[in-house]
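First the structure, in the form of structure tokens, and then the observations on it.
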2 protein chains.
Amino acid sequence: MQYSIGVEYGLHCLVYLIDIPPDATIGIKELSAFQGVSETYLSKIFSKLTKAGIVVSVPGVKGGYRLSKSPDDISFWDVVEAVEGATPIFQCKKIKDNSYLCQDEEYAACSKASPCVINMTMLEAEESMRNVLRNKTLSWLNEELDRVLTPQSRKDTRQFFANSTNV
Amino acid sequence: MQYSIGVEYGLHCLVYLIDIPPDATIGIKELSAFQGVSETYLSKIFSKLTKAGIVVSVPGVKGGYRLSKSPDDISFWDVVEAVEGATPIFQCKKIKDNSYLCQDEEYAACSKASPCVINMTMLEAEESMRNVLRNKTLSWLNEELDRVLTPQSRKDTRQFFANSTNV
DNA sequence: TAATCGCCGATTAATGTTGTCGTCGATAAG
DNA sequence: CTTATCGACGACAACATTAATCGGCGATTA
Ligand code: FES
Ligand code: FES
């Protein structure tokens with residue numbers, strides 16, 4: 001059980017979209033080349049991010065992607081939800097509604113009407129994880145990277161994309 | 001992306017092991033019959049629970065399973081970990097160590113030495129989920145079920161297993 | 001008008017999940 | 001002591017999902 005690699009691709013790529021000039025874009029080709037990941041697959045991830053309203057795509061020659069809103073308004077959870085979907089990690093298959101006691105029609109109806117404590121507990125736990133992710137924004141991530149990485153490497157990274165940014 | 005159905009099977013079945021007389025056991029056959037799930041697959045789940053030290057198996061005729069410790073000492077997370085394994089939901093593939101800048105040997109070494117902020121954030125979020133699950137024990141679950149389910153259905157359930165409990 | 005880009009659906013290979021089968025060793029009952 | 005019953009375990013099969021590719025489409029720019 002695990003999140004798909006697309007979450008990692010997406011989050012890492014979005015970082016590079018934060019600091020570009022307004023109205024500039026970065027293409028899939030640049031992003032995949034810089035990260036050393038599959039171009040076609042990354043393009044699928046960005047389709048999802050576009051549908052989720054996190055980035056805006058510019059088609060045509062010199063096209064590419066840019067953030068659709070302030071990096072302050074994009075949380076980790078937004079990205080995870082866009083890539084993985086909103087379905088919970090614990091997916092209750094309602095096995096309690098299938099038990100021996102449910103051979104009694106009346107009991108079955110009653111069981112189906114009431115929620116399962118186990119399911120609710122699992123969903124509560126997931127919600128706690130989501131809340132942590134909701135509190136981490138791309139802006140926060142960008143500042144954190146400024147703190148952790150060397151200024152030189154940050155500069156080199158921006159240089160790479162500046163050379164190929166489509167204005 | 002989801003937890004396997006085994007988590008649901010396991011948690012639901014463990015409930016029935018809480019209230020049985022000491023030294024009594026319940027067999028896979030009873031558990032799977034009551035829940036209406038595959039006998040052979042459920043047996044695999046219980047193998048994992050046994051290895052994790054959550055239940056104790058009694059082989060041979062009239063054999064079965066019983067809790068290996070107080071239901072107060074068995075948390076939801078213990079069960080999830082036993083069935084799903086301890087690997088994190090977000091599995092970092094170290095894509096940052098594969099970037100364009102890492103073509104510079106020196107930079108690559110530096111990158112590999114430092115942790116990724118994104119990965120740490122995701123793990124922190126997961127840890128928050130785990131902590132919720134760690135705080136919910138089987139005892140708590142049992143009391144909650146007493147509160148939520150009808151006394152009659154609880155009684156019927158215990159009756160079902162009492163009829164077939166192996167002493 | 002031709003080259004370049006994102007978009008989208010079909011497809012594929014690899015991997016993981018769900019579940020079965022058959023064999024083994026342990027054990028209680030006859 | 002034999003036999004039927006149980007859990008343990010590994011092989012395997014069916015199915016679903018994931019990671020990734022391919023090819024055609026429409027938009028855009030030079
Ligand atoms: S029925 Fe799905 S968790 Fe209880
Ligand atoms: S390298 Fe894996 S999350 Fe950053």
Side-chain angles (χ1 to χ4, degrees), chain A residues 1-10 13 17 23-33 35-52 54-66 68 83-85 87 89-91 93 95 98 164-167, chain B residues 1-10 13 17 23-33 35-66 68 82-85 87 89-91 93 95 98 164-167:
Chain A
M1 206 288 312
Q2 56 176 84
Y3 276 150
S4 80
I5 189 81
V7 174
E8 191 172 349
Y9 285 8
C13 286
L17 296 179
D23 294 329
T25 64
I26 302 184
I28 289 289
K29 208 166 251 178
E30 283 83 51
L31 289 167
S32 70
Q35 304 259 42
V37 303
S38 151
E39 191 180 321
T40 47
Y41 186 62
L42 186 59
S43 120
K44 283 201 175 301
I45 307 297
F46 266 81
S47 283
K48 290 182 180 180
L49 294 177
T50 306
K51 272 183 197 147
I54 293 172
V55 298
V56 158
S57 79
V58 176
V61 175
K62 296 264 178 187
Y65 293 92
R66 105 181 115 248
S68 77
V83 176
E84 291 290 321
T87 55
I89 296 174
F90 181 82
Q91 267 161 301
K93 298 284 172 41
I95 71 170
N98 212 16
S164 56
T165 293
N166 311 308
V167 195
Chain B
M1 206 287 312
Q2 55 178 88
Y3 277 149
S4 81
I5 189 79
V7 175
E8 192 171 346
Y9 286 8
C13 286
L17 295 180
D23 294 329
T25 65
I26 301 184
I28 288 288
K29 207 166 255 182
E30 281 83 50
L31 289 167
S32 70
Q35 305 258 43
V37 303
S38 148
E39 190 180 325
T40 46
Y41 186 60
L42 186 59
S43 126
K44 279 192 179 303
I45 307 297
F46 267 82
S47 285
K48 290 181 180 178
L49 294 176
T50 305
K51 271 181 197 147
I54 292 172
V55 298
V56 159
S57 79
V58 177
V61 175
K62 296 261 176 191
Y65 293 93
R66 100 179 120 247
S68 77
V83 175
E84 290 290 319
T87 55
I89 295 174
F90 181 82
Q91 267 161 301
K93 296 284 170 41
I95 73 169
N98 212 18
S164 56
T165 294
N166 313 306
V167 196

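To find a chain, count down the sequence lines: A is the first, B the second, and so on, and within it residues start at 1.
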Side chain of A/Ser4 (C-beta onward), nearest among D/dA20, C/dC5, D/dT18: D/dT18
Presence of B/Ser38 side-chain N/O under 4.0 Å of C/dT20 phosphate oxygens OP1/OP2: yes
First of B/Lys93 and B/Ser47 reached from the 5' end of DNA chain D, by closest nucleotide: B/Ser47
Contact check, side chains of B/Val83 and B/Tyr9, non-hydrogen atoms, under 4.5 Å: no
Between C1' of D/dT5 and OH of B/Tyr65, the distance in whole Å: 14 Å
Nearest-Å distance for atom pair CZ/C1', residues B/Phe46 and D/dA8: 14 Å
Presence of A/Ser43 side-chain N/O under 4.0 Å of C/dC7 phosphate oxygens OP1/OP2: no
Spacing of B/Tyr41 atom OH relative to C/dT18 atom P, expressed in whole Å: 4 Å
Separation of D/dT18 P from B/Gln91 CD (nearest whole Å): 13 Å
Between D/dA19 (P) and A/Tyr3 (OH): distance, integer Å: 13 Å
Separation of D/dC15 P from B/Ile5 CD1 (nearest whole Å): 18 Å
Minimum-distance nucleotide to A/Ser57 side chain [options: D/dC9, C/dC7, C/dT20]: C/dC7
Minimum-distance nucleotide (side-chain atoms of B/Lys44 versus C/dG19, C/dA26, D/dA8): C/dG19
Protein-nucleotide distance (A/Leu42, atom CG; D/dA20, atom P), rounded to Å: 10 Å
Phosphate contact (C/dG19 OP1 or OP2) by B/Tyr9 side-chain N/O below 4.0 Å: yes
Any donor-acceptor pair under 3.5 Å from A/Ser68 side chain to A/Ile54 backbone: yes
Closest to the A/Val61 side chain, choosing from C/dG19, C/dA3, D/dA20: C/dA3
Pairwise 5' ranking along DNA chain D for A/Thr40 and A/Gly60, keeping only the more 5' one: A/Thr40
